[in-house]
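Have a look at this one.
Start at 1 and go down the list; that is how both ligands and their atoms are numbered. Side chains are part of it too, since the values below use all heavy atoms of this structure and drop only hydrogens, waters and symmetry mates. We number each residue from 1, following the sequence as shown.
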Amino acid sequence: MVMLIEFGHCHGITDIDWTCISMIKVAINGYGTIGKRVADAVDAQDDMEIIGITKTGPSFGCKLAVNKNFPIYCTSDDESKISSFSKEGYACIGGISDLLNIADIVVDCSPGKMGVANAEMYRRANIKYIFQGGEKHDLTGLSYSSSANHKSAFNANSARVVSCNTTGLSRTLVPLYDACGELTVECTMIRRAADPGDSSRGPINAIKPVLKVPSHHGLDLMTIKPEIKINSLAVAVPTTIMHVHSIIVDLPANHNFTTESIIKLWKNQPRVIVMNGNKNRITSTAEVMEMARDMGRKWGDLHEIFIWEDGVSLKGNRLYYFQAIHQESDVIPENIDCIRSMMGVEKDWKVSVEMTDSSISRYYGL
Ligand code: NAD
């Protein structure tokens with residue numbers, strides 16, 4: 001849709017008078033943990049809008065969409081399913097095909113492993129599409145993270161935003177790689193057992209190693225930054241709030257880094273927070289999440305990767321550090337940058353990140 005925007009009427013756009021702006025029409029297929037967050041992040045942007053979201057049926061998530069004025073569509077084209085919404089008092093405009101007909105791009109936030117069938121549906125509808133990290137790289141052949149390979153998604157027809165863990169690895173390892181040209185990494189993903197709203201997963205009283213060794217996380221990083229040599233292990237622990245990564249990196253022998261200069265490098269990266277745990281009394285994920293709630297984003301989200309400054313140590317060529325990942329939200333701004341790249345709007349990842357993050361901050365009045 002092309003809109004005429006009058007000076008001062010569009011928040012965030014201050015230096016233009018009458019301008020033709022093409023708003024990117026975004027559909028969200030699957031309005032759960034990730035879908036509802038991506039929808040809000042799209043709604044926050046000046047260059048894109050939510051054209052509709054889908055629900056499988058009239059569950060409580062519909063109320064959230066109604067409150068946001070997001071048009072509701074059904075994940076199916078089955079008339080009986082579409083009409084079931086009105087019985088519960090929700091207006092359902094149509095089926096998924098109706099939504100795909102009016103959108104420029106669809107962000108698929110359905111549960112993992114539905115990708116093969118959904119991708120076929122998107123191709124038939126001739127629409128651009130983005131999948132999430134629960135799908136395999138091969139589904140689109142293009143995995144994405146803002147700092148690693150924003151440009152490679154420029155004008156692409158399909159992409160997959162990598163998982164929360166891979167996004168976390170990419171935020172801290174890619175700038176390190178870019179600064180020294182060679183990295184060998186061994187890391188352990190200490191993973192939350194389930195999301196806070198999920199009662200179907202565990203363990204609830206066990207520590208469960210992932211017995212597929214090495215785990216898929218390191219391999220997944222290599223889909224967006226193949227130059228980094230990395231192996232990973234994973235363990236699930238009974239918490240719902242965050243993942244923690246324990247990371248060991250071997251730098252090239254001729255590196256010029258100190259512990260302090262690595263900390264400075266990360267402090268200058270977008271979407272990375274480095275804080276001294278002992279001084280700030282943030283010594284666990286519980287306090288990190290409390291700090292995130294204080295920051296004021298919806299759902300207490302933390303889009304940034306959190307590094308404990310006092311847990312970073314460079315001994316010779318070997319770097320040790322811990323980082324924490326808010327699994328439900330670090331991938332959210334990445335989806336926005338990916339839309340912008342695929343729609344051919346912005347090639348420079350840092351410009352897109354700034355647009356995305358400042359719009360989200362304004363949206364929440366931060
Ligand atoms: P979720 O279960 O919270 O939400 C999925 C939503 O899709 C639900 O509302 C469900 O009703 C709906 N749905 C069911 N069948 C559908 C269909 N056929 N078509 C469209 N929607 C359908 O799942 P989630 O956690 O939001 O995960 C979505 C994707 O994001 C997965 O690929 C997952 O691996 C990935 N991801 C999840 C997290 C996380 O921590 N939750 C983090 C990063 C990436």
Note to self: Among all protein heavy atoms in this structure, tell me which lies nearest to atom 33 (C) of ligand 1, with the distance rounded to 0.1 Å.
What the structure shows: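 Nearest protein contact, heavy atoms only, for atom 33 (C) of ligand 1 is Gly134 N, 4.0 Å.
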
Item checked: Atoms of ligand 1 close to Gly112 [distance to a heavy atom under 4.0 angstrom, numbered from 1] -> 31 (C), 32 (O)

Note to self: Within the protein, is there a heavy atom lying under 4.0 Å from atom 2 (O) of ligand 1?
What the structure shows: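 So far as the 4.0 Å threshold goes, atom 2 (O) of ligand 1 is out of reach of every protein heavy atom.
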
Notebook entry, point to check: Can you check whether Cys109's main-chain N or O pairs, donor with acceptor, with Asn29's side chain at less than 3.5 Å?
Noted result: no

Checklist line | Lys36 side chain reached by Trp299 side chain, heavy atoms, under 4.5 Å | finding: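 Trp299 vs Lys36: side chains touch.
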
Next item on the list: With rounding to the nearest 0.5 Å, note down the distance linking NZ in Lys315 to OG1 in Thr259.
Entry: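 So the gap between those two atoms works out to 7.0 Å.
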
Next item on the list: Considering heavy atoms of the protein only, find what lies nearest to atom 36 (N) of ligand 1 and give residue, atom and distance to 0.1 Å.
Entry: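 Its nearest protein heavy-atom neighbour is Ile34 CG1, 3.8 Å.
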
Check: Is any N or O atom of Arg192, backbone or side chain, closer than 3.5 Å to an N or O atom of ligand 1?
Finding: yes

Next item on the list: Look at atom 18 (N) of ligand 1 and say which protein heavy atom is nearest, naming residue and atom and giving the distance to 0.1 Å.
Entry: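 Ranked first by proximity to atom 18 (N) of ligand 1 is Met114 CE, 3.2 Å.
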
Check: What are the atoms of ligand 1, with element, lying closer than 4.0 Å to any heavy atom of Gln132?
Finding: 29 (C), 30 (O), 32 (O), 35 (C)

Item checked: Nearest protein heavy atom with distance in Å, relative to atom 25 (O) of ligand 1 -> Thr33 CB, 3.6 Å

Next item on the list: Provide the number and element of each atom of ligand 1 under 4.0 Å from a heavy atom of Gln327.
Entry: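 Those atoms are 38 (C), 39 (C), 40 (O), 42 (C), 43 (C).
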
Check: Which heavy atom of the protein is the closest neighbour of atom 15 (N) of ligand 1, given with residue, atom name and distance?
Finding: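 Here the nearest protein heavy atom works out to Thr56 CG2, 3.6 Å.
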
Note to self: As a check for students: among Ser200, Cys164, Gly32, Ser329, identify the option with a heavy atom nearest to atom 43 (C) of ligand 1.
What the structure shows: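 When every heavy atom of Ser200, Cys164, Gly32, Ser329 is considered, Cys164 comes closest to atom 43 (C) of ligand 1.
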
Item checked: Under 3.5 Å: donor-acceptor pair, side chain of His245, backbone of Met189 -> no

Next item on the list: List the closest protein heavy-atom neighbour of atom 12 (C) of ligand 1: residue, atom name, distance to the nearest 0.1 Å.
Entry: Pro111 CD, 3.9 Å

Next item on the list: Specify the protein heavy atom at minimum distance from atom 19 (N) of ligand 1: its residue, its atom name, and the distance to 0.1 Å.
Entry: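 The closest heavy atom on the protein side is Thr75 CG2, 3.6 Å.
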
Next item on the list: Show which atoms of ligand 1 fall inside a sub-4.0 Å distance from at least one heavy-atom site of Tyr31.
Entry: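 Counting from 1, the qualifying ligand atoms are 9 (O).
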
Check: Is Lys151 paired with Glu346 through a side-chain N to carboxylate O contact shorter than 4.0 Å?
Finding: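 No.
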
Note to self: I'd like to know if Arg160 pairs up with Asp220 as an ion pair, taking the criterion as any Lys NZ or Arg NE/NH1/NH2 lying under 4.0 Å from an Asp or Glu carboxylate oxygen.
What the structure shows: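 A salt bridge is present here (some side-chain N lies under 4.0 Å from a carboxylate O).
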
Checklist line | N/O separation below 3.5 Å, Asp195 to ligand 1 | finding: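 The answer is yes, given that Asp195 and ligand 1 share an N or O pair closer than 3.5 Å.
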
Note to self: Strictly below 4.0 Å, N to O, side chains only: are Lys279 and Glu309 in salt-bridge contact?
What the structure shows: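 Not counted as a salt bridge, because no side-chain N and carboxylate O are separated by less than 4.0 Å.
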
Note to self: Tell me whether the rings of Tyr31 and Phe70 are parallel (<30°), tilted (30 to 60°) or perpendicular (>60°).
What the structure shows: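 Taking Phe70 first and then Tyr31, their aromatic rings stand perpendicular (interplane angle over 60°).
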
Next item on the list: Measure from the side-chain N and O atoms of Ser232 to the backbone N and O of Gly218, and report whether any donor-acceptor pair falls under 3.5 Å.
Entry: yes

Check: Is the Trp308 ring parallel, tilted or perpendicular to the Phe322 ring (thresholds 30°, 60°)?
Finding: perpendicular

Margin query: Just to be sure I'm reading this right: ignoring hydrogens, which of Ser110, Cys74, Cys109 gets closest to atom 31 (C) of ligand 1? Compare them by their nearest heavy atoms.
Written below: Ser110

